[in-house]
Amino acid sequence: MTGATDVATLLLSRIRDVPDYPEPGVMFKDITPLLADPAAFTALTDALAEISVRNGATKIVGLEARGFILGAPVAVRAGLGFIPVRKAGKLPGATLSQAYDLEYGSAEIEVHAEDLAAGDRVMVVDDVLATGGTAEASLQLIRRAGAEIAGVAVLMELGFLGGRGRLEPALDGAPLESLLKV
């Protein structure tokens, strides 16, 4: 096995399937056992930090909420700044906001206006790529702030939900890397 295969095997072994959560018919992928295992959490942090450095990121954006848990240690490990992208109304001060459509309505995310600037190359970090709506909105928000996209890095991609297809046009050539695909 290669190093990447070993890491993927370790990470996958620490993700618990929870049937019928949050509703019947859904198989929820619970990452809390992975976070509780220091070896697995370190391997995940190292892998996402390597992706960020390799792609020339100068800042890490973490998407609320699990993207905060993953993105902050990735930023520390990579020696980069961390910027939280939050649900609307959660950040004090001047913000930029971006609305986006969901299957069942709409949502809005925000970032502090002064946290991103021209010359920043931003890696978006999150736990799961599902439909891609939040990640796509974050890319729009980052560009509106004047920064460049270094890429998107996620622990897990749920391929059957089509997020990659939705996100690739918004990436405009920047990479989308997922450590696991389910």
Side-chain angles (χ1 to χ4, degrees), residues 1-19 21-22 26-85 109 120-139 141-142 147-182:
M1 281 202 281
T2 67
T5 303
D6 290 343
V7 169
T9 300
L10 173 62
L11 298 176
L12 196 55
S13 75
R14 301 304 189 273
I15 296 171
R16 179 174 54 137
D17 286 343
V18 181
Y21 182 82
V26 173
M27 180 65 72
F28 184 78
K29 301 291 186 183
D30 180 15
I31 68 166
T32 59
L34 187 157
L35 299 174
D37 179 325
F41 196 12
T42 298
L44 171 59
T45 300
D46 289 347
L48 294 173
E50 187 278 326
I51 291 168
S52 301
V53 170
R54 177 170 27 91
N55 287 289
T58 60
K59 294 203 175 148
I60 301 293
V61 154
L63 304 180
E64 189 164 336
R66 288 180 299 253
F68 297 174
I69 296 169
L70 302 185
V74 167
V76 169
R77 180 63 51 112
L80 305 174
F82 176 75
I83 316 281
V85 168
I109 55 175
D120 286 333
R121 286 187 45 80
V122 180
M123 180 64 67
V124 176
V125 171
D126 206 3
D127 64 328
V128 174
L129 175 64
T131 63
T134 306
E136 180 184 36
S138 74
L139 298 178
L141 193 58
I142 291 163
E148 297 176 40
I149 306 300
V152 173
V154 297
L155 164 60
M156 185 174 14
E157 180 178 345
L158 305 180
F160 60 93
L161 292 176
R164 181 174 289 269
R166 177 178 182 169
L167 201 53
E168 283 181 336
L171 282 163
D172 194 28
L176 166 56
E177 296 192 42
S178 52
L179 299 177
L180 303 172
K181 293 180 182 170
V182 294

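Heavy-atom basis, side chains included; hydrogens, waters and symmetry copies ignored.
For the atom pair NZ (Lys29) and CG (Asp17), the distance works out to 3.5 Å, reported to the nearest 0.5 Å. Interatomic distance, Phe41 CZ to Leu11 CG, rounded to the nearest 0.5 Å: 11.0 Å. Of the inter-residue distances, the one linking Phe82 atom CZ with Ile60 atom CD1 reads 9.0 Å to the nearest 0.5 angstrom. Taking OG1 from Thr131 and CG from Leu161, the interatomic distance works out to 7.0 Å, rounded to the nearest 0.5 Å. For the atom pair Leu155 CG and Leu35 CG, the distance stands at 8.5 Å (nearest 0.5 Å). Here the CG atom belonging to Leu129 is positioned 11.0 Å from the CD atom belonging to Glu136, to the nearest 0.5 angstrom.
Listed by chain and number, the residues in a side-chain hydrogen bond (donor to acceptor under 3.5 Å, both in side chains) with Glu177 are Arg54, Asn55 (sequence neighbours excluded). Remark: Asp46 pairs with Arg77 by the side-chain hydrogen bond (donor to acceptor under 3.5 Å, both in side chains) rule, at least two apart or across chains. Residues that satisfy the side-chain contact (heavy atoms from CB on, under 4.5 Å) test with Ala57, not counting sequence neighbours, are Ser52, Leu80, Met123, Ala150. Residues that satisfy the side-chain hydrogen bond (donor to acceptor under 3.5 Å, both in side chains) test with Thr42, not counting sequence neighbours, are absent from this structure. With sequence neighbours excluded, the residues satisfying side-chain hydrogen bond (donor to acceptor under 3.5 Å, both in side chains) with Glu157 are Arg164, Ser178.
Taking all atoms of both residues into account, the shortest heavy-atom contact from Ala43 to Leu10 is CB-CD2, 4.0 Å. Taking all atoms of both residues into account, the shortest heavy-atom contact from Ile31 to Met156 is CG2-CE, 4.1 Å. Closest heavy-atom contact between Val152 and Val154: CG1-CG1, 4.1 Å. Across every non-hydrogen atom of Leu63 and Ser138, the tightest pair is CD2-CB, 3.6 Å. Contact detail for Ala40 and Arg14: the closest heavy-atom pair is CB-CG, 3.8 Å. Considering every non-hydrogen atom in both Gly165 and Pro169, the closest pair reads O-CD, 3.3 Å.
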Applying side chain to side chain contact (heavy atoms under 4.5 Å, CB included) to Leu139 and Leu167, what does each step give before you reach the verdict? CA-CA 9 Å; Leu139 298 178; Leu167 201 53; 3.7 Å; yes

Begin with the C-alpha distance, continue with both residues' side-chain angles, and end with the deciding distance and a verdict on side chain to side chain contact (heavy atoms under 4.5 Å, CB included) for Leu180 and Ile15. CA-CA 11 Å; Leu180 303 172; Ile15 296 171; 3.5 Å; yes

Before giving the answer on side chain to side chain contact (heavy atoms under 4.5 Å, CB included), spell out for Leu48 and Leu179 the whole-Å C-alpha distance, their side-chain angles and the decisive distance to 0.1 Å. CA-CA 8 Å; Leu48 294 173; Leu179 299 177; 3.9 Å; yes

Report the C-alpha separation of Val122 and Ile83 in whole Å, then their side-chain angles, then the decisive distance to 0.1 Å, and conclude whether the side chain to side chain contact (heavy atoms under 4.5 Å, CB included) test is met. CA-CA 9 Å; Val122 180; Ile83 316 281; over 6 Å; no

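Within a 6.0 Å sphere centred on CZ of Phe28, heavy atoms belonging to other residues, nucleotides or ligands number more than 12.
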Cut-off 3.5 Å, no hydrogens considered: what does the side-chain donor-acceptor table look like for residues 66-75, sequence neighbours left out?
{"unit_1": "Arg66", "atom_1": "NE", "unit_2": "Asp127", "atom_2": "OD2", "d": "2.3"}
{"unit_1": "Arg66", "atom_1": "NH2", "unit_2": "Asp127", "atom_2": "OD2", "d": "3.3"}

